[in-house]
Structure formats: structure tokens, C-alpha cells
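Computation of the quantities below employed the complete heavy-atom set of this structure, encompassing side-chain atoms and omitting hydrogens, waters and symmetry-equivalent molecules. To find a chain, count down the sequence lines: A is the first, B the second, and so on, and within it residues start at 1.
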There are 2 protein chains.
Amino acid sequence: MKNKHKQGQLRDVQDVIDIIGGRWRGAILASLCDREKRFNDLRRDVGEITPRILIKELKYLELNKLIGRNEEAPTKVSYYMTPHGKSLEPLIGAIVAWGRKHREVILSEPLEVTP
Amino acid sequence: MKNKHKQGQLRDVQDVIDIIGGRWRGAILASLCDREKRFNDLRRDVGEITPRILIKELKYLELNKLIGRNEEAPTKVSYYMTPHGKSLEPLIGAIVAWGRKHREVILSEPLEVTP
DNA sequence: CGGAATCCCCGACGATACTG
DNA sequence: CAGTATCGTCGGGGATTCCG
């Protein structure tokens, strides 16, 4: 049945959405994509994120094997992209491309304002 | 600066995420992808969604020109995919592909259970 | 049948302060 | 420096009910 197939696809989509969809995850991945970073570097890099949220997002991303954690010393921890994490880049590229096109479509026609 | 560029990309990603990321939007789009549907058809098709949420999601998708609304009579309204909406399909395909691969990666190694 | 109004709940997110 | 604990809030959904 095609419907069952579609259900499976939806699950996949939801998973991916969950990974890159949060307010911070995209930014974190983008930052780490550049190069490996330490906790507080990341904190500054990402913007105004609180440590609680940052550590939570990092754990999530680590669980999903998109990033790795490297604890050289208790006060020296680095996070880095895994190969799997890096494999996200082309996908992000495709999403960005469509998003750009989408913006054009939306802006190309006037919107009716609610009366 | 590369960072500014990345910020723009993040915006695009967030937009796309917003479109297909909700709990229902993906399912709605998938359902309409098949063929045009009436309100209550959609309601059954999508699962246990309440009318309030459905109408809200439909309006959002319509605003974003992904679907169209066709009111033949006050009691006969159909929704259908626009060409722009259909242009999402390849992107969804790419996302599904990555999601599938991701699932394999996640399942391929044992997870440590929290103590 | 298609849609709108009301009420409510819960879970994600945030600020702040503290510890190893 | 890296991470945790506690508390507060805020808003997206959901159930239910009613309207044209």
C-alpha cells in the first residue's frame, strides 16, 4: 500500500525536522561545521543561548551521532562534527535552495490583508 | 563574511522547517499530493486532528501558496496542491532519503541506557 | 458540511544562581 | 571552564461546543 509507505516517509521527515528544526540546532551545527569548538566558544558563537539549553541540544545532537564530544580534561571539552553530521550539509543546501525560491514566490504576489 | 551568509541560510532553513515541520503539515501535504480533497476527507485522512487545528494548518499552507482552496459551494470546499506545493516533493524525497540513512546509523550501534 | 469561539493543559524554553 | 538545579513563563495544540 502506498499509504503505509507514506507513513514511513512522514516518520523520516519528522525525524530530520526534529534534528535541524529547533531554534538552536541549526545554528549549533553550522557553527561546528566550521571547525571544532569548546563549550563556551559555542555559547558565544550561537548567540544568546543559556548553558542549560546548549548542553541539552548538544546532548541531543550527540545522541543522534551528528556531533562528538571530546573531553581532554574536566575543564576542556570540545565538540565536533561527525562524518554523519557532515553528511547533512548537502541536504541543508537543498533546503536552503528551496527556501530561497519559496521566499520569492511568497513575495512575488501581494497578500490580502485581513479586513 | 561567511557568517552573515550562514545566517541567511538559517533563515531559509527555518522557513522550510516551519512549513513541513509541524505535526500535521507534512501529513496534510502528503495527503493532498495524492489528489485534491474536501475538508472532512482530509480530516479522516490525516488522522486524529481536530477541525480547529486542521483549518489553521490549511490557512497557513494556503498563505504560503502551497495549497489552494476551491469553494464551489458554501458546503463544498476542496483543497489542492499548487505547482509551488508540488515543487516540494523532490525536497521531501531528499529529506526522506537522509532520514532513512540516519535511522540506520542510529540503530547500528547500541545506545547506553541512562543509569 | 465547513468553520469559528472558548477554555485549558502541558512541555519546551529561558533566567538565574550554584557546583565540581 | 563545563555543567547542573530550580523556578517561572508562554504559547502551541487539543477537547469541546456552537454557528451559517
What is the distance from [atom1] of [X] to [atom2] of [N], rounded to the nearest Å?
X	N	atom1	atom2	value
Asp18(B)	dG12(D)	CG	P	10 Å
Glu71(B)	dC1(C)	CD	C1'	11 Å
Glu48(A)	dA15(C)	CD	P	8 Å
Arg43(B)	dG14(D)	CZ	P	13 Å
Asp41(A)	dC1(D)	CG	P	9 Å
Asn70(B)	dC1(C)	CG	P	18 Å
Ile55(A)	dG20(C)	CD1	P	17 Å
Lys59(A)	dA2(D)	NZ	P	15 Å

key: Distance test, side-chain N/O of Trp24(A) to OP1/OP2 of dA12(C), below 4.0 Å   = no
Which of the following nucleotides, [options], is nearest to the side chain of [X]?
X	options	result
Asn40(A)	dT16(C), dC1(D), dG14(D)	dC1(D)
Thr75(A)	dA4(C), dG20(C), dG2(C)	dG20(C)
Arg23(A)	dG14(C), dA2(D), dG14(D)	dG14(C)

key: Residue closer to the 5' end of DNA chain C, Pro74(A) versus Lys56(A) (nearest nucleotide)   = Lys56(A)
I'd like to know if the side chain of [X] reaches the main chain of [Y], judged simply by a donor and an acceptor atom lying under 3.5 Å from each other, with no hydrogens or angles considered.
X	Y	value
Arg38(A)	Thr75(A)	yes
Arg11(B)	Gly99(A)	no
Asn64(B)	Tyr60(B)	yes
Thr82(B)	Lys65(B)	yes

request  = Using a 4.0 Å heavy-atom cut-off across all strands, classify Arg52(A) as base, sugar-phosphate, or nothing.
outcome  = base
ask   = Relative to each other, are the rings of Trp98(A) and His84(B) parallel, tilted or perpendicular (30° and 60° limits)?
value = parallel
